[in-house]
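Note sheet for the following structure.
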Number of protein chains: 2
Amino acid sequence: MATMKDVAKLACVDISTVSRALNDTAYVHPETRERIFAAVKELSYQPNVLAQGLKKGKRHTIGVVLPRLHMAIFSEIMQGIEKEARKYNYATLICNTEDDPEIEKESLSRLRNGFVDGIIIAGTGRNIRLLHDIKASGISVAQIVRDQDTSVSSVIANYEACGYEGTKFLARKGCKEIGLINGNTHLAPYRDRYKGYKAALKELNLKENYNTSLEPSNTFEYGYNCAKKLLENNEKLDAIMVSVDIQGIGAMRAIKEKKLRVPDDIRLMSLTGHTVGSMLETTMTALEIPAHEMGEKVAKMIIEDIEAPSDKKPSAQHLTFNASLVEREST
Amino acid sequence: MATMKDVAKLACVDISTVSRALNDTAYVHPETRERIFAAVKELSYQPNVLAQGLKKGKRHTIGVVLPRLHMAIFSEIMQGIEKEARKYNYATLICNTEDDPEIEKESLSRLRNGFVDGIIIAGTGRNIRLLHDIKASGISVAQIVRDQDTSVSSVIANYEACGYEGTKFLARKGCKEIGLINGNTHLAPYRDRYKGYKAALKELNLKENYNTSLEPSNTFEYGYNCAKKLLENNEKLDAIMVSVDIQGIGAMRAIKEKKLRVPDDIRLMSLTGHTVGSMLETTMTALEIPAHEMGEKVAKMIIEDIEAPSDKKPSAQHLTFNASLVEREST
DNA sequence: CTGAAAGCGCTTACAG
DNA sequence: CTGAAAGCGCTTACAG
């Protein structure tokens with residue numbers, strides 16, 4: 001690979017002049033400029049990003065730490081992040097943690113050391129101190145979906161409202177025994193959905209049908225197992241709310257194996273739908289969250305933070321999106 | 001952030017000694033060593049990866065260029081790549097191109113400039129020259145799923161066999177009018193599936209039912225639209241093979257809207273299944289490809305290439321995996 | 001066993 | 001308008 005030195009030699013100028021011409025950071029005589037660009041072309045010179053980053057202390061790269069990509073809302077959010085990042089000429093580096101705090105820790109450690117200017121995270125909540133360290137060391141941080149820490153900016157959906165409105169909606173449909181398949185309530189979204197569910201049940205004077213399991217909750221199997229238990233525990237159950245679409249697919253399977261019909265015997269809805277729900281054989285009613293838009297916003301937020309001069313970084317912002325109810329066949 | 005200089009000062013040694021102690025690259029007196037590690041701890045020093053990379057010319061990072069993450073087999077392959085990369089202490093950087101040659105070009109250009117030591121790509125086939133340039137410049141390259149270029153190592157599944165065996169299987173089930181929903185035949189997997197399909201039809205003395213559309217083929221909508229056309233064009237159609245699971249979900253929807261039943265009226269199967277197929281309401285028969293394993297292999301392949309001394313890089317290897325038939329409800 | 005020094009490929013004050 | 005030089009944070013021959 002040609003270096004700036006080679007270009008300088010070929011163009012018969014100093015390397016500093018090449019730098020200035022290329023970065024357009026000072027006036028360079030048109031002729032010199034032309035010679036330089038000719039040399040660049042001839043050598044098909046490409047600047048070394050490492051060296052630039054070393055000098056400027058900036059990588060123009062955002063790290064995104066996510067618990068899951070496959071069949072989860074995070075890959076849709078990611079599309080939004082990438083689109084926005086590309087607009088500002090930032091690259092994105094995705095780390096997939098599988099919701100394992102150890103992998104998360106390792107990913108964060110790796111990212112902090114010169115890899116990125118900012119980190120967007122949907123975290124396990126187990127590495128908050130590390131995250132603070134990272135922020136203190138000058139790397140911008142923002143949370144997506146899971147706001148584990150109020151001192152760090154975040155973009156989330158209103159999960160409590162999802163739990164509340166979902167329950168109310170099913171009650172209006174005549175359901176009396178509404179189950180909720182949730183996940184680890186240490187994570188903000190699960191905690192909040194549960195809160196909303198309980199609040200609605202109280203107003204409606206209904207009782208709780210709740211089941212949980214020890215497995216990772218963002219999976220098909222989890223939805224399947226929890227649905228099975230809910231159905232066994234209460235034979236009058238007439239509705240199941242799942243936290244995320246993928247659980248709903250598992251629940252659908254469990255319901256079918258019990259020879260029950262959706263929606264006639266059991267109504268089924270997802271509390272944080274994304275595009276999957278509309279594609280299923282029995283399409284799924286859902287409170288859909290604007291994943292793409294949320295991704296764009298959090299990317300914009302972190303880029304603004306990165307590019308703000310260090311003496312006046314914006315203070316932590318928290319952006320909450322509302323979900324919108326989309327009725328489909330499953331209710 | 002503390003630098004190596006700070007550590008050296010605190011430990012009262014030269015920075016070169018710190019470097020040696022930390023990298024274990026030469027004998028350092030135990031006491032000195034201890035002082036250095038104490039200083040590292042005290043300052044919570046973290047080496048700057050940029051600077052290391054600049055000096056050593058290595059980033060310990062692999063770029064992965066994929067056409068799609070959401071609901072596609074690529075996120076499963078990615079899991080395998082990440083697992084293997086982590087084992088060798090490599091980071092992975094994912095670029096999502098949405099199968100757009102321009103985005104792909106941009107991603108590749110970005111990666112080549114000091115970002116990564118190697119690139120794994122499932123490409124559009126439109127940037128082969130650029131890929132050659134990149135390889136020539138000393139960055140390792142490997143292809144996954146799509147082997148557009150025999151001079152570059154690859155890990156793929158035997159798509160021709162998939163097309164062939166799928167067709168034979170459906171014929172054994174008694175199907176006479178077997179449709180194929182495919183995709184852009186400039187891409188090797190689509191081209192090969194089609195080849196296998198035609199070969200089997202010829203042996204069986206059956207005629208082709210083939211439809212294609214101009215949209216990106218890796219989507220639900222594509223499967224839906226093509227299935228609809230196939231059903232309209234031939235009312236005796238008794239089977240549909242889709243190239244990928246997500247198309248199958250769309251096809252299922254189209255079949256259902258026609259008031260036809262799967263598998264009684266129409267048998268449906270996917271030619272490159274991954275985990276989605278087993279989770280659907282009507283589970284989908286598929287030729288399953290070992291996505292996770294393929295990811296691991298391609299990661300291993302590229303890491304070996306990266307770490308080989310530049311005078312004896314291994315020559316291009318091509319690894320082909322077989323799919324295995326998993327019968328489920330849809331046939 | 002350890003230090004002084006050069007160098008990786010750039011950027012950016014400082015002169016002129 | 002352009003060059004010479006220092007420096008970003010490391011690694012690694014070269015001495016001793």
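Just so you know, these numbers come straight off a predicted model, no measurement behind them. Numbered from 1 within each chain, the chains take letters A, B, ... in sequence-line order.
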Would you state whether a donor and an acceptor, one from the side chain of Lys55(B) and one from the base of dG7(C), lie under 3.5 Å apart?
yes

Polar side chain donor-acceptor pair, Thr124(B) to His186(B), under 3.5 angstrom
no

Looking only at side-chain N and O atoms, does Asn96(B) offer a donor or acceptor that is under 3.5 Å from a partner on His70(B)?
no

Looking only at the side chain of Tyr45(A) (C-beta and beyond, no hydrogens), which of the listed nucleotides dC10(C), dT12(D), dT2(C) gets closest?
dC10(C)

Comparing nearest nucleotides in DNA chain D, the 5'-proximal residue of the pair Ile15(B), Pro30(A) is Pro30(A)

Determine: side-chain N/O of Thr17(B) to OP1/OP2 of dG3(C), distance under 4.0 Å, yes or no.
yes

dG7(D) C1' sits how many Å from Asn48(B) CG, rounded?
14 Å

Measure from the side-chain heavy atoms of Ser19(A) and tell me the nearest of dT11(C), dC10(D), dC14(C).
dT11(C)

d(CD1, Ile36(A); P, dC1(D)) in whole Å
13 Å

I'd like to know if Lys83(B) pairs up with Glu296(B) as an ion pair, taking the criterion as any Lys NZ or Arg NE/NH1/NH2 lying under 4.0 Å from an Asp or Glu carboxylate oxygen.
yes

Rounded interatomic separation in angstrom, taking CG from Leu54(B) and P from dT11(D):
11 Å

Exactly one of Gln148(A), Glu104(A), Glu106(A) should register a side-chain hydrogen bond (donor to acceptor under 3.5 Å, both in side chains) with Asn127(A). Which one does?
Glu104(A)

Give a yes/no on whether any side-chain N or O of Thr32(A) is located under 4.0 angstrom from OP1 or OP2 of dT2(D).
yes

What base-paired stems does DNA chain D take part in, with at least 3 consecutive Watson-Crick or G-U wobble pairs and both distances under 3.5 Å?
C:1-3 with D:14-16, C:5-12 with D:5-12, C:14-16 with D:1-3

So if I take every side-chain heavy atom of Asp14(A) and compare against dA4(D), dT12(D), dC8(C), which nucleotide ends up nearest?
dA4(D)

Is Thr25(A) near enough to dT11(C) that one of its side-chain N or O atoms lies under 4.0 angstrom from OP1 or OP2?
no

Calculate the interatomic distance between Arg20(A) atom CZ and dT11(C) atom P; express it in whole Å.
11 Å

Of Glu84(A), Glu82(A), Glu307(A), the one forming a side-chain hydrogen bond (donor to acceptor under 3.5 Å, both in side chains) with Tyr90(A) is Glu307(A)

Can you tell me how far P of dG3(C) sits from NE2 of His29(B), to the nearest Å?
12 Å

Starting at CE of Met4(B) and ending at P of dG7(C), how long is that distance when rounded to a whole Å?
20 Å

To the nearest Å, give me how far apart NZ (Lys5(A)) and P (dA4(D)) are.
13 Å

Are OP1 or OP2 of dT11(C) and a side-chain N or O of Gln52(A) less than 4.0 angstrom apart?
yes

Sub-3.5 Å donor-acceptor pair from the side chain of Asp6(A) to the main-chain atoms of Thr3(A), do we have one?
yes

Donor-acceptor under 3.5 Å (Lys105(B) side chain, Asp100(B) main chain):
no

Option from Gln317(B), Arg146(B), His318(B), Gln143(B) for which side-chain hydrogen bond (donor to acceptor under 3.5 Å, both in side chains) with Ser154(B) holds:
His318(B)

Would you kindly compare Tyr27(B) and Thr3(A) by the position of their nearest DNA chain C nucleotide and give the one closer to the 5′ end?
Tyr27(B)

Between P on dT2(D) and CG on Asp24(A), what's the gap in Å once rounded to a whole number?
13 Å

Any side-chain N or O of Asn23(B) less than 4.0 Å from the OP1 or OP2 oxygen of dT11(D)?
yes

